[in-house]
Amino acid sequence: MGEFSFDDWLIHLVLGTLIDFVLAYRAFVIPVGLLALGYAVGTVVENRHLDSLRERERLALHLPTATYEETDLPAEAIADARLVSGVAVIAIDRFKLVAGALRYFFGGVVPAHETLIDRARREALVRMRAAGADAAEIVCVRLATANIASGAVEAIAYGTAIYRKPA
Amino acid sequence: MILTTLSVIPGREIIEHYGMVSGSSVRSKHAVADVLAWFKNLFGGELRAYSNLLESTRQEATDRMIAQAEQAGASAIVGVRFSTSQVTSGAAEIFAYGTAVKFG
């Protein structure tokens with residue numbers, strides 16, 4: 001057995017008190033801790049996703065994407081028309097789930113969920129554009145949402161990619 | 001088989017209509033993906049397992065719609081739409097529908 005110094009004694013006291021506190025109030029500390037962790041990591045993940053979306057949307061700017069049901073290209077210039085689609089499933093982080101639940105109690109706008117559905121739709125659209133990257137344009141684009149997983153937002157984007165005949 | 005969301009086939013002429021064709025596919029979530037989803041739900045982010053599930057469900061509904069159109073002797077499907085519904089909690093349906101046509 002080694003000598004028991006004052007410093008060790010102090011560390012044990014502090015750590016012991018901390019562990020006692022967490023254990024005594026675990027019903028409160030663990031959910032709040034997860035909530036805080038969810039908020040911190042969730043914000044970083046969301047900002048990184050939004051940055052990546054902005055970058056990929058910028059790269060896809062050359063590809064006209066429209067919801068109208070016709071193409072400006074003359075029939076003789078069209079080589080092919082194909083259905084292209086993209087899907088995305090974005091999870092709701094714990095903080096947003098709780099923040100949303102509080103909102104439902106009072107009613108009104110739920111900004112936490114607005115950004116989620118926005119991210120899911122934009123991701124699906126970016127993937128659809130990537131699927132039709134060589135096309136002249138994508139027309140008659142439609143969006144749909146699904147719900148397989150609870151606690152997640154699922155978006156499907158689809159449209160008709162028009163390919164031009166090589167000149 | 002040409003699929004388009006438009007009511008025409010760009011660059012081609014429709015010579016015959018065969019009426020509406022449809023296909024559906026129901027998928028349920030699975031336990032392993034759900035455990036991963038629980039962790040993802042702490043921090044948010046994309047659920048890749050569910051994205052793949054959604055994509056394969058969409059593909060299967062489309063394939064069934066195409067099979068129906070081929071049976072009718074069609075060479076294209078115009079006005080394709082996808083619609084989704086939740087059958088029970090944990091299972092979802094993707095429904096693909098359109099009009100089977102023949103082009104000249």
Side-chain angles (χ1 to χ4, degrees), chain A residues 34-35 37-38 40-46 48-49 69-71 73-83 85-97 116 119-120 123-124 127 138-142 144-152 154-156 158-163 165, chain B residues 1-13 26-30 33-34 36-59 61-62 65-66 76-87 89-96 98 103:
Chain A
L34 285 179
L35 208 62
L37 200 65
V41 182
T43 306
V44 171
V45 168
E46 179 163 291
R48 273 193 7 214
H49 188 210
E69 300 191 20
E70 62 209 359
T71 171
L73 288 173
E76 57 272 15
I78 296 169
D80 197 9
R82 224 177 293 155
L83 186 83
S85 70
V87 303
V89 181
I90 308 290
I92 306 173
D93 67 62
R94 186 165 290 246
F95 178 79
K96 290 194 167 178
L97 213 59
L116 276 174
R119 278 163 64 200
E123 182 68 45
R127 285 181 184 171
I138 302 179
V139 293
C140 202
V141 174
R142 295 290 180 267
T145 52
N147 205 332
I148 296 178
S150 58
E154 311 169 349
I156 310 172
Y158 57 101
T160 304
I162 312 276
Y163 294 85
K165 269 186 191 146
Chain B
M1 182 71 65
I2 290 180
L3 268 68
T4 142
T5 53
L6 297 159
S7 47
V8 294
I9 308 168
R12 290 175 210 261
E13 203 185 338
V26 179
R27 291 291 164 96
S28 72
K29 56 183 184 175
H30 67 92
D34 229 37
L36 293 173
W38 188 88
F39 284 104
K40 271 282 182 173
N41 269 10
L42 282 179
F43 310 129
E46 187 180 9
L47 297 171
R48 217 160 280 277
Y50 278 125
S51 290
N52 294 340
L53 181 67
L54 190 61
E55 176 53 31
S56 61
T57 311
R58 191 200 61 77
Q59 193 57 55
T62 311
M65 175 178 69
I66 291 171
I77 305 172
V78 296
V80 173
R81 294 289 180 272
F82 292 102
S83 136
T84 60
S85 60
Q86 198 165 9
V87 181
S89 67
E93 184 205 29
I94 293 190
F95 185 63
F103 59 80

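Quantities reported herein were computed from a predicted structural model and do not represent experimental measurements. Hydrogens, waters and symmetry mates are skipped; everything else that's a heavy atom, side chains included, is used. Reminder, nothing fancy here: chain letters follow the sequence lines and each chain counts from 1.
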If you count heavy-atom pairs under 4.5 Å between each of Thr71(A), Val141(A), Thr43(A), Thr145(A) and chain B, which one has the most?
-> Thr145(A)

Consider only side-chain N and O atoms of Thr5(B) and Arg142(A), and report whether a donor and an acceptor are under 3.5 Å apart.
-> no

Portion of Glu76(A) that has a non-hydrogen atom of chain B nearer than 4.5 angstrom | neither

Per-residue contact mode, Ala77(A) against chain B (heavy atom under 4.5 angstrom) = neither

Side chain / backbone / both / neither for Ile156(A) at chain B, heavy atoms under 4.5 Å = side chain

Closest heavy-atom pair, Glu69(A) versus Ser7(B), reported as atoms and distance to 0.1 Å, is OE1-OG, 4.3 Å

Between Ala75(A), Gly42(A), Gly86(A), Ala91(A), the one whose heavy-atom pairs under 4.5 Å with chain B are most numerous | Ala91(A)

Counting only heavy atoms closer than 4.5 Å, note whether Arg81(B) contacts chain A via side chain, backbone, both or neither.
-> both

Tell me, for Val41(A) versus chain B, whether the close heavy atoms (under 4.5 Å) come from the side chain, the backbone, both or neither.
-> both

Indicate the atoms forming the closest heavy-atom contact of Ala81(A) with Ile2(B), along with that distance.
-> O-CG2, 3.6 Å

Select one option (side chain, backbone, both, neither) describing which atoms of Arg119(A) are under 4.5 Å from chain B's heavy atoms.
-> side chain

Correct closest heavy-atom pair for Ala88(A) and Glu46(B) would be CA-OE2, 4.3 Å

So OG1 of Thr62(B) and CG of Leu83(A): to nearest 0.5 Å the spacing works out to 7.0 Å

Residues Arg127(A) and Ser51(B): closest non-hydrogen pair is NH1-OG, 4.1 Å

Atom of Tyr158(A), atom of Phe82(B) and distance for their closest heavy-atom approach = OH-N, 2.9 Å

Supply the atom-to-atom distance Leu6(B) CG to Ile162(A) CD1, rounded to the nearest 0.5 angstrom.
-> 5.5 Å

Among Ala144(A), Ala155(A), Gly159(A), the residue with the most heavy-atom pairs under 4.5 Å to chain B is Gly159(A)

Kindly give the heavy-atom pair with the smallest separation between Leu54(B) and Glu154(A), and that separation in Å.
-> CD2-CB, 3.9 Å

